[in-house]
Amino acid sequence: MRVVPLFLTALWLFAQMPSRVAPGYDSILASRLRADLTFLSSDALEGRRSLERGSEVAIQWIASEFAKFGLIPLNGDSFLQPVPLIEYQADRTQTSLVVQHGGQSETFHAPDAIGNFPTETTVAGPLVFAGFGISAPELGYDDYAGIDVKGKVVLIFNHEPQETDANSIFNGKGNTRYNNNYAKVLNAGRHGAVAVLTTADPNHPSQGPARAQDQQGRRGGQPGQGRGQPQRPRIPTEALAEGGTTIPSFTVSAKLAADLFAAAGKTPADVQTAIDTKPSPMSFAVPNTRVELHAVVAERRQANSYNVAGLLEGSDPALKAETIVFSGHFDHDGIAPNGIFHGADDNGSGTVGVVELARAFAMNPVKPRRSLLFIVFAAEERGLLGSYYYVAHPLRPLDTTRAEINFDMIGRNEAPTGRGGTPQSEISPDTSNELGLIGTHYSPDYRAVVERANQTVGLKLNYKWDLDSTQQVLFRSDQYPFLLHDIPAVWWFTGFHPDYHQITDTVEKINFEKMTKVLKLAYLSGFEFADSPTPPKLEPKAKARGAE
């Protein structure tokens, strides 16, 4: 029923394009994108690492641009939303996990038990196995059904059930929004657990060392540093001082996990197979077993970074209370021993894109009916911290936020990274006009709007990432926290390349012609999201489909 009004609105919109949207559309210029990105990725900004001088310069530049465009600040008279961060280094030698069973006690350290928590703490409780740690009511699946984890430590598998089953309720062989450890720790906390132990699901195909690096890449680790790769800077882990996870999470080895399962007379592989077969939870209390976690911090400091946000108010007296979000992140990886991580594509391109669209919408004489929020997030590289903070402290109500367009790496042509390990998804022979959209399986309405707008722009749209489970792409940018709040949120992405998270990610390699087309498509799509009588809806039972 939603397709008809959206389709009619689209026809009307594009028929009226010369008078309604053409001024803003035509104002999006590659020359201005090049000038802005040359500054943002220059040596002067020192790689824009979170909580360092270069990122502070980026914050002030974005805010000054929003002010020039006449956007409305949402934090009093400021465009800055403080994001309280803790930067820390865990003490791996002192951090420990104590397992007590049947009168016996054994203490484990890294690599058998690896913990990262920003505050020194000791927590303890009986051990409960909680499957994959997932509560997905719309899929009829809940690992916490029938068990009480209040005041207890939960042990969970990584990933999600039925990963190799094309007919799985969990988006076949692709990912769903539940296949993320940070979200699982949040879920455990909501159920009253005091800590989480995560272990590898034993039946999951091995992806090699690069997979582990990719998983750390958005969690404050050292992404992209493999054999033969340039030396990475030492980047401390960061966490939200509030608004994020509140309970410690440890990763435990397969050997230790097997011992914990043996205390219940089970094996991890048998339990996972039983879960995958139905799928159905197989959660249980581990008898006579108590776990104590000691998180010790070697270094710690607290400081604020800032999300930068400005509002363009909608033209409709009623609908202007609703919001369409354009987002990106400004931070990158700073300075390494061998040079500056310029971050031209990641994510200077997305930052400049948000700023350019703010300017284009502001100068267009006709404003869409819903309001537009332009926001550039802090500390994405440290674990999506700015966007997680925003959804915990929204500047516009989340229940009337109708869609998000998130830019992260929109300036290059996808190419093999050359790093081995986790295989990349199949890459087209020519990606010079290709744009990936990540997350449209959660909103067919969203996809339909973009495809209709693309009839004007003419990009090749790629949806392969919604069918991918090996690179965990769905969780690796700032649209993900919005998706957890049932908002149609899609990552616009032109793909990985050999310069991803390297000092060679520089401005002269940007495809500005394609980047301009990406932003023009986002402009038309965002205008329709904001002007249509019926905005996109979220489809909780996500099922990815190809480019048909």
Side-chain angles (χ1 to χ4, degrees), residues 2-3 6-7 10 160 163 165-180 214 327 350 353 403-416 422-480 482-483 487-497 511 514-515 517-522 524-526 528-529 536-548:
R2 295 188 296 269
V3 173
L6 280 171
F7 177 70
E160 59 190 2
E163 287 188 297
D165 184 351
N167 297 314
S168 171
I169 60 173
F170 288 91
N171 188 28
K173 294 183 179 181
N175 282 323
T176 74
R177 55 182 169 168
Y178 299 107
N179 186 3
N180 174 264
D214 279 341
S327 66
E404 183 192 27
I405 293 174
N406 180 64
F407 301 128
D408 195 349
M409 300 174 61
I410 58 169
R412 292 286 297 270
N413 304 331
E414 186 181 9
T422 304
Q424 287 180 259
S425 300
E426 184 176 352
I427 300 173
S428 302
D430 181 5
T431 60
S432 61
N433 192 47
E434 188 169 278
L435 168 67
L437 296 173
I438 301 166
T440 62
H441 57 312
Y442 275 103
S443 183
D445 292 345
Y446 190 120
R447 173 170 170 166
V449 168
V450 176
E451 288 180 343
R452 286 195 294 272
N454 193 48
Q455 293 175 15
T456 299
V457 178
L459 285 162
K460 178 184 176 183
L461 302 181
N462 191 323
Y463 304 96
K464 66 178 181 179
W465 304 107
D466 290 340
L467 300 165
D468 166 80
S469 64
T470 62
Q471 295 194 343
Q472 308 290 291
V473 173
L474 181 65
F475 324 117
R476 290 171 63 175
S477 193
D478 288 309
Q479 93 293 344
Y480 179 63
F482 288 81
L483 183 60
I487 296 167
V490 173
W491 173 8
W492 295 45
F493 175 53
T494 53
F496 297 110
H497 47 75
N511 181 343
K514 181 166 85 168
M515 184 175 166
K517 292 176 72 173
V518 170
L519 294 174
K520 289 190 171 189
L521 178 60
L524 293 179
S525 302
E528 184 176 346
F529 291 154
K537 304 295 183 185
L538 186 88
E539 173 50 64
K541 295 182 180 180
K543 187 70 174 178
R545 58 189 179 94
E548 75 280 355

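Treat the numbers as computed from the prediction; the structure is a model and nothing was measured. Note that these values count all heavy atoms, side chains included, but never hydrogens, waters or copies made by symmetry.
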inquiry  = Checking side-chain contact (heavy atoms from CB on, under 4.5 Å) between W492 and each of I438, V450, N406, which is the one that passes?
reply    = V450
message = If the test is side-chain contact (heavy atoms from CB on, under 4.5 Å), which one of T440, I405, D466, L483 qualifies with V490?
response = T440
On a heavy-atom basis, which atom in [X] and which in [Y] lie closest, and how many Å separate them?
{"X": "Q471", "Y": "S425", "answer": "NE2-N, 4.5 Å"}
{"X": "K514", "Y": "E434", "answer": "NZ-O, 3.0 Å"}
{"X": "R177", "Y": "Y480", "answer": "O-OH, 2.6 Å"}
{"X": "L521", "Y": "L461", "answer": "CD2-CD2, 4.0 Å"}
{"X": "K517", "Y": "G458", "answer": "NZ-O, 3.6 Å"}
{"X": "H441", "Y": "N175", "answer": "NE2-O, 3.5 Å"}

inquiry  = What I want to find out is whether K464 reaches E414 closely enough, with some N-O distance under 4.0 Å, to be called a salt bridge.
reply    = yes
Atom [atom1] of [X] and atom [atom2] of [Y]: how far apart are they, to the nearest 0.5 Å?
{"X": "L435", "Y": "K460", "atom1": "CG", "atom2": "NZ", "answer": "12.0 Å"}
{"X": "R447", "Y": "S525", "atom1": "CZ", "atom2": "OG", "answer": "13.0 Å"}
{"X": "M515", "Y": "L519", "atom1": "CE", "atom2": "CG", "answer": "5.5 Å"}
{"X": "E426", "Y": "N462", "atom1": "CD", "atom2": "CG", "answer": "9.5 Å"}
{"X": "R476", "Y": "W465", "atom1": "CZ", "atom2": "CH2", "answer": "8.5 Å"}

key: Aromatic ring pairing F493/W491, orientation class (parallel under 30°, perpendicular over 60°, tilted between)   = tilted
query = Parallel, tilted or perpendicular: which fits the ring planes of Y446 and F529, with parallel below 30° and perpendicular above 60°?
reply = tilted
key: D478 side chain near D408 side chain, heavy-atom distance below 4.5 Å   = no
ask   = Tell me, do F496 and V473 make a side-chain contact under 4.5 Å, heavy atoms counted?
value = yes
request  = I would like to know whether E163 and N179 meet side chain to side chain contact (heavy atoms under 4.5 Å, CB included); could you show each step before the answer?
outcome  = CA-CA 10 Å; E163 287 188 297; N179 186 3; 3.9 Å; yes
Checking side-chain polar atoms at under 3.5 Å, does [X] have a donor or acceptor matched by the opposite partner on [Y]?
{"X": "D468", "Y": "T470", "value": "yes"}
{"X": "N413", "Y": "N511", "value": "yes"}
{"X": "E404", "Y": "S327", "value": "yes"}

message = Run E539 and K537 through side chain to side chain contact (heavy atoms under 4.5 Å, CB included) and show every step you take.
response = CA-CA 6 Å; E539 173 50 64; K537 304 295 183 185; over 6 Å; no
ask   = Any sub-3.5 Å donor-acceptor pair from T176's side-chain atoms to Y178's backbone N or O?
value = yes
query = For the side chain of T494 and the backbone of R412, is there at least one donor-acceptor N/O pair under 3.5 Å apart?
reply = yes
ask   = Does the side chain to side chain contact (heavy atoms under 4.5 Å, CB included) test come out yes or no for I487 and L538, once each step is laid out?
value = CA-CA 6 Å; I487 296 167; L538 186 88; over 6 Å; no
